[in-house]
Amino acid sequence: MLHVDSIFTATSGAPPTGLAAGGVEVPPPFDITRVFTETRLDSWLALGLVLAAGLYLYGVHRLRLRGDRWPVIRTVCFLGPGLGGIAAVTVSGLHAYDTALLSVHMVQHMVLSMISPIFLALGAPVTLALRTLPVGPRKRLLAVVHSRIARIYGFPLVAFAIFVVNPFALYFTDLYRYTLEHAWAHELVHAHFIMTGCVFFWPLLGLDPLPGRWPYPARALLMLLSVPFHTVLGLTIMQSTTLFGGDWYPSLNLAWSDPWNDQVVAGGILWAGGEFVSVTMIAVLVVQWIKQSEREARRVDRELDRQEARDRAAGAAAVPAVATATSDAGTTAPAGPPATPAAAPGTPS
């Protein structure tokens, strides 16, 4: 069954404009208005997004009831570009074309694996959960965060390898064609993109207390190494002499789209978008590094001020002690002239 067709016919009463091989219905020409008019809210991913947003807002509400503050910028990052970015490419009308246009799929790839995970990490949901959960669930969450599996997958080099290898394993094997033919596999790839991005970006940019986090110079270097990867992958897709997905896209018989041109556009999206996001994230890391250095400098200054205050207090306490000792010595000294020594025997008096 064609994933895009089942969705389109379920969400629109418009007649199909073409038939794929075997008489399968295909969507009409892509129109930006369909991003808004073909929105679906009946998928498991939409339910997950609503649940995640509700839990996050409930945590913020609990903190406010307790009189604690939670930075507004974190809430905006998590709900806006984070969850909102995922919804924009999976719940909106783009979903009706993600198996008909490779370029639309690449937009989903970029948002789900790079943009949204970054803002989810900046939302610090683990920190929010640790501050609002009862003792029992909090201990279980800490056990998960510090578990061996989390340490392995969260180790920057392991996460980097997963982040780099996965797209090549998907697009240059028969796996991509399989995801086009099976809707459940295509949805699973979306979830996989999100998890891969979170595994890579959370230890690098996230604000949550994760174990084994690298210092900022090493994080910036790892982010810099990811830039050529997107260039290579994007250029490879643009210059490929074979169509991704085999004859899938030509079999759709889309009169309004050329699969070869669309594949070039898809590679360009991955190339330009990947470099832009990577360079931007390097800048974010540098800013975080500078702020962390400033916080450390202020902490050292406060410690030096406290040490200086302790030294002054000790010096002030020592002065009265010396004065008291001097006063006591003067009180016990003999008064009056010294006694005249007795005359030696035989000395005339």
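A quick note: this is a predicted structure, and the numbers were derived from the prediction, not measured. The figures here come from the full heavy-atom set of this structure, side chains too, leaving out hydrogens, waters and symmetry mates.
Rounding to the nearest 0.5 Å places CD1 of Ile162 at 7.0 Å from OG1 of Thr196. Put simply, OG on Ser103 and CG on Asn261 are 10.5 Å apart, with the number rounded to the nearest 0.5 Å.
Under the 3.5 Å distance criterion, the side-chain polar atoms of Trp202 are left unmatched by any main-chain donor or acceptor of Leu210. Looking at Asp208, its side chain does come within 3.5 Å of a backbone N or O of Thr127 through a donor-acceptor pair. Side-chain atoms of Arg62 never come within 3.5 Å of backbone atoms of Arg131 as a donor-acceptor pair (strictly under, hydrogens ignored).
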- Stepwise side chain to side chain contact (heavy atoms under 4.5 Å, CB included) check, Thr90 with His95: CA-CA 5 Å; Thr90 59; His95 77 276; 5.8 Å; no
Practice problem: Mind running side chain to side chain contact (heavy atoms under 4.5 Å, CB included) on Met114 and Ser278 for me, showing each step along the way? | Solution: CA-CA 9 Å; Met114 295 194 69; Ser278 297; 3.9 Å; yes
Before you tell me yes or no, could you show the steps for Gln108 and His190 under side chain to side chain contact (heavy atoms under 4.5 Å, CB included), namely the whole-Å CA-CA distance, both residues' side-chain angles and the distance that decides it to 0.1 Å? CA-CA 8 Å; Gln108 291 179 323; His190 290 168; 3.3 Å; yes
- After noting the C-alpha distance and the side-chain angles of Leu83 and Leu120, does the key distance pass the side chain to side chain contact (heavy atoms under 4.5 Å, CB included) rule? CA-CA 7 Å; Leu83 297 181; Leu120 292 177; 3.9 Å; yes
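For residues 64-78, the side-chain hydrogen bond (donor to acceptor under 3.5 Å, both in side chains) pairs, not counting sequence neighbours, are Tyr56-Trp70, Arg66-Asp68.
Looking at His109 and Tyr171, their side chains come closer than 4.5 Å, going by heavy atoms from C-beta outward. Between Leu285 and Leu205 there is a side-chain heavy-atom pair separated by less than 4.5 Å.
A side-chain N or O of Gln307 and one of Arg310 form a donor-acceptor pair less than 3.5 Å apart. In this structure, a donor-acceptor pair under 3.5 Å is absent between the side chains of Tyr176 and His186.
For Glu294, the side chain to side chain donor-acceptor pair (under 3.5 Å) criterion is met by no residue, not counting sequence neighbours. The side-chain contact (heavy atoms from CB on, under 4.5 Å) search around Val287 returns Lys291, not counting sequence neighbours. Applying the side-chain contact (heavy atoms from CB on, under 4.5 Å) test to Ala283 and every residue at least two apart in sequence or in another chain returns nothing.
For the side-chain contact (heavy atoms from CB on, under 4.5 Å) with Tyr249, the lone residue among Asp258, Asp262, Leu254, Leu102 that qualifies is Leu102. Looking at Val286, Ile290, Val284 one by one, the single match for side-chain contact (heavy atoms from CB on, under 4.5 Å) with Gln288 turns out to be Val284.
Using a 4.0 Å cut-off between charged nitrogen and carboxylate oxygen, Asp247 and Arg177 count as a salt-bridge pair. Between Glu308 and Arg302 there is no salt bridge, since none of the side-chain N atoms of the basic residue sits less than 4.0 Å from a carboxylate O of the acidic one.
Grouping Ile, Leu, Val, Met, Phe, Trp and Tyr residues whose side-chain heavy atoms lie under 4.5 Å apart, directly or via other members, places Trp260 in a hydrophobic cluster with Leu243. In the hydrophobic clustering, where aliphatic and aromatic side chains (Ile, Leu, Val, Met, Phe, Trp, Tyr) are joined below 4.5 Å either directly or transitively, Leu207 stands alone.
Classification of the Phe200-Phe160 ring pair by plane angle, with boundaries at 30° and 60°, yields tilted. Taking the six-membered ring where tryptophan is involved, the planes of His61 and Tyr58 are tilted, since the angle between them lies from 30° to 60°.
Between His230 and Phe276, the ring centre distance reaches or exceeds 6.0 Å.
Remark: Leu51 CG is packed, more than 12 non-hydrogen atoms of other residues, nucleotides or ligands lying under 6.0 Å away. Around CG of Asp301, the count of heavy atoms belonging to other residues, nucleotides or ligands within 6.0 Å exceeds 12. Other residues, nucleotides and ligands place more than 12 heavy atoms under 6.0 Å from the CZ atom of Phe229.
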